[in-house]
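So the structure is just underneath, and the comments pick up after that.
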Amino acid sequence: MSEKEKSQAQQEHKKDLNSLPATDEANTTESNSDIEQSMIDESQKEPTNTKNEELNSQSEDEAETAEENVSSEEKVEATEEDTHQSELDDAIAEDSEDEDAHERHGIEMKDYHAMSMSELVKELSSLLKNEKIQLIKDHVKEIKTEFDAKFEEEMEQKKEDFLEEGGNIIDFHYSSPIKKEFNSIYFDYKEKRNNYYQQLKNNLQKNLEERLAIIEELKGMIGTGADMGANFNQFKELQERWKKAGPVPREEYKMVWNTYHHHVENFYDFLHLDREFRDMDFKHNLEQKLKMIARAEELAEETNINRAFRELQMLHKMWKEDVGPVAKEYREDIWEKFSAATKKIHENRQVHFAELDQEKEKNLEAKLQIIGAIKEIADKEITSHNQAQQQIKKIESFRDQFFKAGKVPLKVNEDTWKIFKENVRNFNRKKNAYYKDLKKEQYKNLERKLELVEIAEDNKNNEDFKATTPIMKKIQSNWREIGHVPRKDSDKIWKRFKDACNHYFDRVHSVKNEENKEENEAFDKKKELLDATKSLELQSKPEEDLKLIKTKISEWKEIGRVPYNKRYIEGKFNKVLDQLFSQLDIGRKEAEMMKYENRVQALDAAHDSRQIEKEESFLRKKISETKAEITQLENNMQFFSNADESNSLFREVLKNIERHKVQLETWKAKLKKVKSL
């Protein structure tokens, strides 16, 4: 068929559709016969309104009066039914264009609003890889909407950061690896989608041509003189071909179907000459439609509302396209039953959507609370880096909560998103302003630290250690007091400063180590003696064992002083002595004083009067504290009603007093030793 012939055929069928009433009248031989009623398009016919039938037999004045008496409630119901039917027709027309459309509903529509940009990219990639391209349109659209919104928010923040740092808006450009990855995957999706729909367009056009050809054949059957049985069989073959012909373009769907149905009615009108074939078909159609009604009534009780509505679409499509008319006496009754089930499913769907709206209202309330919390943070002034970091973490947490709170009603979605972004932006502006001021301060700190670096580098080779060492220690102290510098300069200037200081003090220590060679040798000797004392085994002879321990203490004293930074070895030696004394049956005071000799020797060798004064002050404090403890314990004894040794608690207090008195004598003895220096 040429393009010109195709165009003429389509125009002709549109003319057929526009002239349906005239054609019905012309082809009807019995105006009130059953055959005429079978011409009615059941799939579009609403339940017969008896009042409207009466209007047809009344005068125009009576008709107007009767119409005014129709209640507003009935008009509302009729409008609702028209809306339901129109919604179904539109859905059927859309799905009929793509035979796989029903599979789209089997793909889970996830909460893309709650996903991060990286999660959205992963989800888009998964859909493109695992699902048919024609089934993911709604999912991809939702993913792109959410990704674009999140990226726009991020880009706005980057723009503000850029401007805060003194950049010119003309020079601003922002992209990111995640955006590039998303664009690449989305480009692949569009390319595959376009290829698919181009092929689909070709297939739809071929199917349209096939269906138009079937209509032409159907038209040619009417009025022929062939055998009625052969005509009927040929008609059935055409019906089967019609069912298998495939989808047509959406905009052509209603026109093609109505034209086909019109000529099917004409064929049944022609078929009235043989009632046997007609009645057999009526009976078969009735059985099929009763099954559809039963299934629709089951769907009215279905809890999965979306699945029920999708199957209802299929039932209406079958009612319209696959099954022909029934006998007049059943027609109105079965349509009313089918319509009643349809209405119930729509009511369930409306209730379902109402519940979803309530859930969205709850989500809105939650999101408004989150926005309020963000606003409260955004209104506060930032006074420190730690505070800023804590608030940044809180804002990020609230941001995650906002996206996970779910969708809000469509009418307020844009405003809610706008308020959310504005409050986040207000916080970011304050944060940026704070860090901008902080950066100015950091540059001042950088100048101050560079001055210290120059001092350190100028003095790192100075030979006058006595004069230079205080200077180097002072600049190290000053360095710690100066605040942060810009991160890009921090490591670089710290390395310069540290290298200069280390170079100087390594030289100082090298000279000092040479001067303190004897002290280092003393440390080595004490280390050897410490190891020997650790391995010392007592012979369970108190006098000899004590003499042996005293010998080790004397050897330790004779070795002499160790370097200041290695005096920790004195504490290790005292711990070893504690372990040895614990094996001897000698008084605690005596053991303490023997160990204390090492401490006294170290103080004496240090020639540091401040250290001696500090030790003397410490001992006086311990003496005072111990005396106070004894006094308190003795006062407590006055409260015992049974103040004799038969009372276990009283005995414990007496022992505690004795222990403190022994400690007091020990502290006094130590003080006497120190004062003798």
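Reckoned from all heavy atoms, side chains included, excluding hydrogens, waters and symmetry mates. What you see is a predicted model, and the numbers here were worked out from it, not measured in a lab.
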key: Pair Ser384-Tyr434, side-chain donor/acceptor within less than 3.5 Å   = no

inquiry  = Can you tell me how far apart CD (Gln663) and CD (Glu625) are? Round to the nearest 0.5 Å.
reply    = 11.0 Å

task = Validate the cation-pi geometry between Lys566 and Phe523: distance from NZ or CZ to the six-membered ring centre under 6.0 Å, angle to the ring axis within 45°.
result = yes

query = Does some side-chain heavy atom of Lys137 sit less than 4.5 Å from a side-chain heavy atom of Tyr189?
reply = yes

query = Taking the six-membered ring of Tyr186, is NZ or CZ of Lys144 closer than 6.0 Å to its centre and within 45° of its axis?
reply = yes

ask   = Side chain of Ser624, backbone of Lys621: donor and acceptor closer than 3.5 Å?
value = no

key: Under 3.5 Å side-chain donor-acceptor pair for Glu558 and Ser554   = no

ask   = Are side-chain heavy atoms of Trp667 and Phe618 found at a separation under 4.5 Å?
value = yes

query = Rounded to the nearest 0.5 Å, how far does OG of Ser510 lie from CZ of Phe505?
reply = 14.5 Å

ask   = For Glu613, which residues count as a side-chain contact (heavy atoms from CB on, under 4.5 Å) partner, sequence neighbours excluded?
value = none

query = Taking the side chain from Ser490 and the backbone from Pro486, do they hold a donor-acceptor pair closer than 3.5 Å?
reply = no

message = Check this for me: Lys430, atom NZ, are more than 12 non-hydrogen atoms of other residues, nucleotides or ligands nearer than 6.0 Å?
response = yes

note = Heavy-atom nearest pair, Phe147 first then Lys179, reads CE2-CD, 3.7 Å

message = Set out, in order, the CA-CA distance, both residues' side-chain angles and the distance that settles side-chain contact (heavy atoms from CB on, under 4.5 Å) for Glu123 and Lys110, then state yes or no.
response = CA-CA 9 Å; Glu123 188 64 27; Lys110 298 180 180 179; 3.2 Å; yes

inquiry  = With a 4.0 Å cut-off on N to O distance, would you call Arg399 and Glu153 a salt bridge?
reply    = yes

side-chain contact (heavy atoms from CB on, under 4.5 Å) against Glu528, all qualifying residues, sequence neighbours excluded = none

request  = Look at the aromatic rings of His385 and His484 and report parallel, tilted or perpendicular, splitting at 30° and 60°.
outcome  = tilted

task = Show your working on side-chain contact (heavy atoms from CB on, under 4.5 Å) between Tyr197 and Ile133 and close with a plain yes or no.
result = CA-CA 10 Å; Tyr197 280 111; Ile133 198 71; over 6 Å; no

ask   = Are Ile482 and Leu452 side-chain neighbours, meaning at least one heavy-atom pair lies under 4.5 Å?
value = yes

inquiry  = If the condition is side-chain contact (heavy atoms from CB on, under 4.5 Å), which residues does Glu365 pass it with, not counting sequence neighbours?
reply    = Gln369

ask   = Taking the side chain from Lys150 and the backbone from His113, do they hold a donor-acceptor pair closer than 3.5 Å?
value = yes

message = Given 3.5 Å as the limit, does a donor-acceptor pair link the side chain of Lys526 with the main chain of Gly560, or not?
response = yes

Lys/Arg-Asp/Glu bridge criterion (N-O < 4.0 Å) met for Asp379, Lys375 = yes

inquiry  = Please check if the number of heavy atoms outside Lys460 that lie under 6.0 Å from its NZ is greater than 12.
reply    = yes

In residues 403-419, what donor-acceptor pairs under 3.5 Å come from side-chain atoms, sequence neighbours left out?
residue, atom, partner, partner atom, Å
Lys407, NZ, Glu142, OE2, 2.4
Thr416, OG1, Val412, O, 2.7

task = For the pair His503 (side chain) and Asp499 (backbone), establish whether a donor and an acceptor sit closer than 3.5 Å, ignoring hydrogens and angles.
result = no

ask   = Is there a donor-acceptor contact under 3.5 Å from the side chain of Asn432 to the main chain of Asn428?
value = yes

query = What's the shortest heavy-atom distance between Val485 and Ile493, and which atoms?
reply = CG2-CD1, 4.0 Å

query = Nearest 0.5 Å, what's the CG-NZ distance between Asn194 and Lys192?
reply = 12.5 Å

key: Any donor-acceptor pair under 3.5 Å from Glu615 side chain to Leu671 backbone   = no

Shortest non-hydrogen contact from Gly483 toward Asn445 = C-ND2, 3.4 Å

query = Could Lys444 and Glu441 be called an ion pair, given the rule that one side-chain N must be under 4.0 Å from one carboxylate O?
reply = no

request  = Please lay out, stage by stage, how Lys132 and Ile136 fare under the test side-chain contact (heavy atoms from CB on, under 4.5 Å).
outcome  = CA-CA 7 Å; Lys132 295 179 181 178; Ile136 60 175; over 6 Å; no

request  = Would you check if the side chain of Thr666 reaches a backbone N or O of Val662 as a donor-acceptor pair within less than 3.5 Å?
outcome  = yes

key: Smallest separation among heavy atoms of Ile475 and Ala456, with atom names   = CD1-CB, 3.7 Å

ask   = Does Phe187 CZ have over 12 foreign heavy atoms under 6.0 Å away?
value = no

request  = For the residue pair Asn426 and Arg429, confirm or rule out a side-chain donor-acceptor distance under 3.5 Å.
outcome  = yes

message = Whether the side chain of Thr631 engages the backbone of Lys627 through a donor-acceptor N/O pair (distance < 3.5 Å, no angle test) should be reported.
response = yes

query = Between Ser125 (side chain) and Val121 (backbone), is there a donor-acceptor pair under 3.5 Å?
reply = no

ask   = Just wondering, more than 12 heavy atoms not from Lys525 lying within 6.0 Å of its NZ?
value = no

query = Going by heavy atoms in the side chains, are Glu119 and Tyr112 under 4.5 Å from each other?
reply = no

task = Return yes when atom CD of Glu376 has more than 12 non-hydrogen atoms of other residues, nucleotides or ligands closer than 6.0 Å, and no otherwise.
result = no

message = Do Val576 and Leu536 have side chains that approach each other closer than 4.5 Å (heavy atoms only, starting at C-beta)?
response = no

ask   = What residues form a side-chain contact (heavy atoms from CB on, under 4.5 Å) with Asn462, not counting sequence neighbours?
value = Asn459, Asp464, Thr468

inquiry  = Quick check for you: to the nearest 0.5 Å, what is the distance between Ile612 atom CD1 and Arg610 atom CZ?
reply    = 12.5 Å

note = Looking only at heavy atoms, the pair that brings Glu634 and Ile657 closest together is CG-CD1, 3.9 Å

key: Ser184 side chain reached by Lys180 side chain, heavy atoms, under 4.5 Å   = no

ask   = How far does CE of Met117 sit from CD1 of Ile143, to the nearest 0.5 angstrom?
value = 14.5 Å

inquiry  = Before you tell me yes or no, could you show the steps for Gln401 and Lys367 under side-chain contact (heavy atoms from CB on, under 4.5 Å), namely the whole-Å CA-CA distance, both residues' side-chain angles and the distance that decides it to 0.1 Å?
reply    = CA-CA 8 Å; Gln401 293 175 38; Lys367 285 195 170 184; over 6 Å; no

query = Would you say the side chain of Glu396 lies within less than 4.5 Å of the side chain of Lys393, judging by non-hydrogen atoms?
reply = no

message = What I want to find out is whether Glu463 reaches Arg507 closely enough, with some N-O distance under 4.0 Å, to be called a salt bridge.
response = yes

inquiry  = Please enumerate all residues that pass side-chain hydrogen bond (donor to acceptor under 3.5 Å, both in side chains) together with Glu154, with sequence neighbours excluded.
reply    = Tyr174

ask   = What's the shortest heavy-atom distance between Lys394 and Ile377, and which atoms?
value = CB-CD1, 3.8 Å

inquiry  = I'd like to know if Arg620 pairs up with Glu616 as an ion pair, taking the criterion as any Lys NZ or Arg NE/NH1/NH2 lying under 4.0 Å from an Asp or Glu carboxylate oxygen.
reply    = yes

request  = With the side chain counted from C-beta on, respond yes when Asn478 and Glu481 share a heavy-atom pair under 4.5 Å apart, and no when they do not.
outcome  = yes

inquiry  = Using 0.5 Å steps for rounding, measure from the CG atom of Leu120 to the CZ atom of Phe151.
reply    = 13.5 Å

